[in-house]
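Only one structure is covered here, and it is reproduced in the block below.
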Amino acid sequence: MTLLTPPDAFDLHVPIVVVGAGACGLTAALAVREAGVEVLVLERDASPSGSTALSSGMIPAAGSMVQRRAGVEDSPALLAKDIQGKAKGRADPAIVGAVTAESGPVIDWLNGHADIDLHLVQGFLFPGHTVERMHAPPDKTGITLIAMLLAAANRAGVDIATDAHVTALFASADGVVSGVRLTRPDGGVEDIGCDVLILACNGYGGNPAMVSRHIPEMADADYFGHTGNQGDAVNWGVALGGEARHMTAYQGHGSVATPHGILITWALMMEGGIQVNNRGERFSNEHQGYSEQSVTVLAQPDRTAWNIYDARLHALGMTFEDYRNAEAQGAVRSADTMEGLAASIAVDAERLKAAIAETGGDGVDRFGRDFSRTAALKAPFYAIKVTGALFHTQGGLRIDGRARVLRSGGDDPLPNLYAGGGAACGVSGPEVSGYLSGNGLLTAVTLGRIAGRDAAERVG
Ligand SMILES: Cc1cc2nc3c(=O)[nH]c(=O)nc-3n(C[C@H](O)[C@H](O)[C@H](O)COP(=O)(O)OP(=O)(O)OC[C@H]3O[C@@H](n4cnc5c(N)ncnc54)[C@H](O)[C@@H]3O)c2cc1C
């Protein structure tokens, strides 16, 4: 990864440059502008989207005003407990502390922008969350989230250069970054100087060689994130003397409609649905988490499974745009009887009946799932064929609670480099099972704001 010797003069100089116009980069830029400091966001695409636009736009946060209005009692400590519970205590406590403390305030602050409207998602809990704390745009899509952030950034006077692929950094031997080189689609090159650099260009999910090296179990799986996320941040940061951490961590998903390639909300599982393989047998505790379920589903025959549910859960699914799209594309099967559904999806009817009968259980089952809280599935029945996929990587640059990139092996920061979102090491620990729903956007918006605020203070 290219580090260049600083030139005598740059084509342009701005105090703060942000690489990447996803949730992290735009949130960071908003925080910089709020402090009255000039900021330039560089985005490789013609139109900013990132993995943020592909997401469901769900941001977990504790203690927000919308939670309080809904009567939900939550706290940073409770969110931190849930994060560490999922990560088996292996997430960096300093980062968990920083992002959970910032989570409620960042939602309130974002909602304070005229263009941004984040609601509390109610009616079900995602695996590992103790209370309702997902905040999302009204239509629960990442497309709306990025559109809202872009509108707010434009209103705040953030400069965003698109078709601006950052291909190298200028840095001195002691790790001081003095600027970036960007390459235009026509091959043109521009060198821009800065006092501080914020890396918000996500992880390495779009880089097959890095995925094979760090998470070989996902090497052959479909990648559903943004292909432009090539691992630039972690490669630059390491070249500058920083440290890559938890590179084996990632968010997978065990419920992507196949062959349609559409995310099917895990709310179906949390509210009573089950997964069976193509023999008609259940194979797991569906409540453990959708991330690790990617690996479990890929281990089934044909690397697929069927989500099995009923009309009540179909109605819940229809509140999600992705699910409505899946239905419109013919992914949803239904039948009045178990036999009819078994015939429709070509699985053994007796095994399917036995699997559905398990949903009437009133205790913890053989996989460790407790069905006592949810209603047994009843006719008519529904099914969607799904597979496991890689959504985004969670490993990245080791940072401190101020989002400053730390030097390898120590706790002193590099002179002027920040990272947030997928560019930084997340709060999921080193394993796929450590991903708590929403850890992706949580670290994008909280670390984005923290980085932007801190960077603006130092140059302001
Ligand atoms: C299908 C799907 C659903 C998801 N749902 C959720 C959810 O509901 N909740 C949740 O918390 N997380 C979810 N995630 C994860 C979430 O999308 C990411 O964690 C989050 O968007 C990361 O934000 P970011 O700003 O770090 O990266 P991104 O949004 O990916 O932005 C990074 C930007 O950097 C640009 N870039 C990269 N390299 C360069 C370069 N060298 N020069 C210039 N620009 C560059 C990219 O083009 C991109 O626009 C989901 C992911 C997927 C794939």
Side-chain angles (χ1 to χ4, degrees), residues 1-2 17-29 41-61 99 103 121 126 134-137 140-143 145-146 149-150 160-169 180-184 198-207 222-236 250-253 255-256 261-267 290-291 320 322 389-394 396 419-424 426-428 435-448 451:
M1 187 51 52
T2 324
V17 163
V18 178
V19 185
C24 180
L26 293 174
T27 308
V41 181
L42 300 173
E43 168 55 49
R44 60 180 287 163
D45 287 351
S47 171
S49 60
S51 284
T52 300
L54 300 168
S55 78
S56 308
M58 305 259 186
I59 311 171
V99 302
S103 65
V121 178
F126 283 91
M134 286 295 184
H135 300 72
K140 293 177 254 181
T141 69
I143 292 176
L145 178 62
I146 200 87
L149 289 169
L150 275 170
I160 303 174
T162 54
D163 281 333
H165 185 190
V166 178
T167 48
L169 306 189
V180 302
R181 166 162 291 175
L182 63 90
T183 306
R184 297 293 190 175
I198 299 177
L199 296 175
C201 44
N202 208 333
Y204 54 93
N207 184 325
D222 289 332
Y223 170 56
F224 271 78
H226 185 63
T227 51
N229 296 328
Q230 291 289 320
D232 293 341
V234 72
N235 288 328
W236 285 324
Y250 62 99
Q251 180 203 3
H253 210 295
S255 179
V256 174
I262 300 174
L263 170 63
I264 303 299
T265 175
W266 203 246
Y290 55 67
S291 185
F320 290 80
D322 280 341
L390 171 63
F391 274 19
H392 74 282
T393 54
Q394 279 279 291
V427 289
S428 303
Y435 185 83
L436 182 72
S437 295
N439 274 359
L441 285 171
L442 170 69
T443 52
V445 297
T446 55
L447 293 174

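First listed ligand is number 1; within each ligand, the first listed atom is number 1. The analysis underlying the following values was restricted to heavy atoms, covering all of them including side chains, and did not include hydrogens, waters or symmetry mates.
- Side-chain contact between P48 and L150 is present, with at least one heavy-atom pair separated by less than 4.5 Å.
- For A423, the side-chain contact (heavy atoms from CB on, under 4.5 Å) partners are L199, A233, A419, not counting sequence neighbours.
- Annotation: side-chain contact (heavy atoms from CB on, under 4.5 Å) contacts of T443 (sequence neighbours excluded): V99, V427, L447.
- Sorted by chain and number, the residues within 4.0 Å of ligand 1 by heavy atom are V19, G20, A21, G22, A23, C24, L42, E43, R44, D45, G50, S51, T52, L54, S55, S56, G57, M58, A164, H165, V166, A200, C201, N202, F224, G225, H226, G228, N229, D232, W236, Q251, F391, H392, G421, G422, Y435, G438, G440, L441, A444.
- Scored by the side-chain contact (heavy atoms from CB on, under 4.5 Å) test, S49 finds D45, A53, H226 as partners (sequence neighbours excluded).
- The side chain to side chain contact (heavy atoms under 4.5 Å, CB included) test with S56 is passed by exactly one of L263, L441, T265: L263.
- The only member of Y223, F224, Y290 that meets ring pair (Phe, Tyr, Trp, His ring centres under 6.0 Å) when paired with H253 is Y290.
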